[in-house]
A.B. asks: 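The structure under discussion is supplied below as structure tokens; questions concerning it will follow.
These figures come from a predicted structure and were not determined experimentally. One-based numbering, in listed order, for ligands and for the atoms of each.
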Amino acid sequence: MPKSIVKVALDVPLNRLFDYLSDNSEIRIGQRVLVPFGRRNQIGIVLSQSDSSDYPIEKLKSVKQVFIDETPLDAELLKLIRFSADYYQYPLGQALLSALPVRLRQVAPAVARKQFIYSLTDLGRSQTVAQLPKRQLVTHRVFSALLASNTVSEAELDTISSSARKAAKQLVANGWASAKQVHLLQRVAEIPTAQVPELNDEQQSAVAEVIKDSHHFKSWLLHGITGSGKTEVYIRLMQHVLMQNEAQVLVLVPEINLTPQLEARFRSRFSGIPLVSLHSHLSESERLHHWQLAQSGVARIIIGTRLSVFTPLPHLKLIIIDEEHDGSYKQQDSMRYHARDVALVRAKWLNIPVVLGSATPSLESWHNATVTAAGLKANKYHLLSLNQRAVTAAQLPIIHCIDTTKVHLQHGFTPQLIEALKLRISRGEQSLLFINRRGFSPVLLCSACHWIAPCTRCSSRLVVHLGQRKLRCHHCGYEQKIPNQCPSCGNADLHPTGHGTQRLEQTLAQLLPTARIARVDRDSISKKNALVEILDKVHRQEIDILVGTQMLAKGHDFPNLTLVGVIDADSALHSPDFRASERLFAQLMQVAGRAGRADKTGQVIIQTQFPEHVLFNALRRQDYASYANALLHERQQMQFPPYIFMALLRAEANDFNLVHQFLSYAFKVARDLNTKVVVYDPIRPQMERLKGMERGYVLMQAGNRGVLQKLLNRLVAQLRGHTASAKVRWAIDVDPLEF
Ligand code: ADP
Ligand code: ZN
Ligand code: ZN
């Protein structure tokens, strides 16, 4: 039999496939294989079969092993990953392999957590217990269990006796029973079914509209203020879709912190429906197991962070993207994909509905769902609005901005905020203080010469962590002891200047000595479960004041929390990043939404030097729509996304000259390739140096994606072949979110 040739995708930074010989007739497309590559073996995925090769056949090596027992990746997923690799200008093999659980990328065989389940054969069913040897009591009980139910799993056998598995195998040997390997879901503790609320009119019509169109592709933007019951809408849509045999639903969430709560809420409403989560806090073996449950169709609900958009789901019928505006849907290294955008493509190709939910949609989505400034409807998404809080008694919080230039600050606090905190403590209510800066204070300043402790590896300052007596860079992780004197002038009077979460916590403890305070930031919750523990304490009313970063802004629902204080949000008002105000508004709306979730009206106090800024005016009215429209108008004037499409060529190296040479070359190539794409001169980002690397980029923009894609394809091909490209680390970032 002639050997056939398979084309294999490998995890190597080359945008091509590799030919191997294989005589295994069962090998299929999407199959995992082990192949020799260089001096090692590598895992690859078969992408096509052929009987010819561009290389001399006698030089081709053979596939070492075909993982024939594993279900191959299906065509739908392969197509999606191929599209993403093309669109985001990333080598296909790397895109494919990095979408797999780590265990499936490793050369060591992946151990699937499969279980044997047993059932009786026809022979077995015609027998009685009396026919078994008298003394084998365990075998009797196993046989009885098999008679009583169709199948018995290994886990169920274990509840009979520690030797029950052996007894079951004995029955198989006798021909009484048969065994089959399957993916099984672990039993999880049942969560009592939560009370099912009756939908209000807005929720009802949102659900009805989507259900009416639930059998084909349609993208919905569910815009609902915090607490308006978006999650309840998701649940109803899921229930509807899951009534179909086998149907699977994918729910994307931005952060790992959100999965346990959402998971618990879903479990309480979907009891008996197999649900798995996929995120980076799982162990590698759990991740593999969950992924396989999804791939085999056993799991019907999959909740996951951005990478789970690339999970094989043979019966996917609905995609939900919660907090669709969240920046963490965009991957910031390797393949820089945006999970929301990939999900939209996936839904379109599968011809299924996709629901994007947010209180503050991204301007891209808002633009797609509303009438544009020019009066034209972009009309790609269908807008669903929830304008009221779902719990009828819950009112929207009242938002005040306090002008910090007009009052005397006490350690960074306005008298109004301190009074408001005291009032909450006296009433037995809870407060949340939000500051987007962890550590004690953001800079260490010399009072004599104004030296500021810098990070030597980044263009940034070291943050004071007083508790650990350390200076730490939040960009590269560099750490050093706090110096006793100024390295520049010798002065011993060094001041931590400005506020971070640790300092707020400390100051509060002095100002309000009876308050029970907890801090939530990346330092305080680095341990697994630390956040869950703090949140439990809040729910048990053992905390009066929570101090924290944006980690606190999302998803948490504290009925007794009635005050939110925002400290020092001004820096984002004047950021050169054109997305900064969009982000700040979303963030503040979200934290504000934490106040007054139940029957108590909430208050939000924002300390700012610019209380009359348009952003704060819109925030006070809690008017997302008008602010979004104003920002869109600005974006249109300035020709920023979503009115144009951008891509960055990023480069970095130890030596800026190399970066400059490379980018200057790339700039010329790009500029000459297509006049419809505007190519800007190489520039340096705000963070010029990061982790010891000098950075720069070339920005390209065009009126449509197609033109830009064509240029990128040709540019990348040219760059890959050029010597300057070997001396720098470079990458293409399509639809960049950060500059
Ligand atoms: P969102 O996801 O928009 O922030 P949720 O779905 O979490 O809102 O709803 C906020 C709160 O309101 C939750 O406690 C939820 O159980 C409750 N809720 C949602 N819909 C209703 C309803 N129709 N009637 C009563 N309570 C509701
Ligand atoms: Zn000094
Ligand atoms: Zn640094």
A.B. asks: Regarding Arg579 and Glu738, does a basic nitrogen lie under 4.0 Å from an acidic carboxylate oxygen?
C.D. replies: no
A.B. asks: Short check: any N/O/S atom of Cys458 below 2.8 Å from the Zn ion (ligand 3)?
C.D. replies: yes
A.B. asks: Could you check whether Arg472 pairs with Asp523 (Lys NZ or Arg NE/NH1/NH2 to Asp/Glu carboxylate O, under 4.0 Å)?
C.D. replies: yes
A.B. asks: Relative to atom 7 (O) of ligand 1, which among Gln590, Arg265, Lys230 owns the nearest non-hydrogen atom?
C.D. replies: Arg265
A.B. asks: Measure Thr231 to ligand 1 on non-hydrogen atoms and call it side chain, backbone, both or neither using the 4.0 Å cut-off.
C.D. replies: both
A.B. asks: Taking the six-membered ring for Trp, are Phe585 and Tyr624 parallel (under 30°), tilted (30 to 60°) or perpendicular (over 60°)?
C.D. replies: tilted
A.B. asks: Any carboxylate oxygen within less than 4.0 angstrom of a Lys/Arg side-chain nitrogen, looking at Glu232 and Arg269?
C.D. replies: yes
A.B. asks: Check whether any N, O or S atom of His475, backbone or side chain, sits closer than 2.8 Å to the Zn ion (ligand 3).
C.D. replies: no
A.B. asks: For residues Trp366 and His325, establish whether the separation of their ring centroids is below 6.0 Å.
C.D. replies: no
A.B. asks: Would His450 count as a contact for the Zn ion (ligand 2), in the sense that one of its N, O or S atoms lies under 2.8 Å from it?
C.D. replies: no
A.B. asks: Using a strict 4.0 Å threshold on nitrogen-to-oxygen distance, state whether Lys330 and Asp733 make a salt bridge.
C.D. replies: yes
A.B. asks: Should one rank Ala390, Pro559, Gly229, Ala359 by closest heavy-atom distance to atom 18 (N) of ligand 1, which comes out on top?
C.D. replies: Ala390
A.B. asks: Within rounding of 10°, what is the angle whose vertex is the Zn ion (ligand 3) and whose arms end at SG of Cys473 and SG of Cys476?
C.D. replies: 110°
A.B. asks: Would you call the rings of His474 and His465 parallel, tilted or perpendicular, where under 30° means parallel and over 60° means perpendicular?
C.D. replies: perpendicular
A.B. asks: Taking the Zn ion (ligand 2) as the vertex, what is the angle from SG of Cys486 to SG of Cys449, given to 10 degrees?
C.D. replies: 110°
A.B. asks: Mark up the atoms of ligand 1 that fall under 4.0 Å of a heavy atom belonging to Glu198, in ascending order.
C.D. replies: 22 (C), 23 (N), 24 (N)
A.B. asks: Report yes if some N/O of Thr226 lies less than 3.5 Å from some N/O of ligand 1; otherwise report no.
C.D. replies: no
A.B. asks: Output yes when a side-chain donor or acceptor of Arg336 lies under 3.5 Å from a complementary backbone atom of Gln332, and no otherwise.
C.D. replies: yes
A.B. asks: I want to know if ligand 1 touches Gly227 in the polar sense, i.e. an N/O pair below 3.5 angstrom.
C.D. replies: yes
A.B. asks: With heavy atoms of Asn200 as the reference, note each atom of ligand 1 found under 4.0 Å away.
C.D. replies: 23 (N)
A.B. asks: Which part of Glu323 is near ligand 1, with near meaning a heavy atom under 4.0 Å away: side chain, backbone, both or neither?
C.D. replies: neither
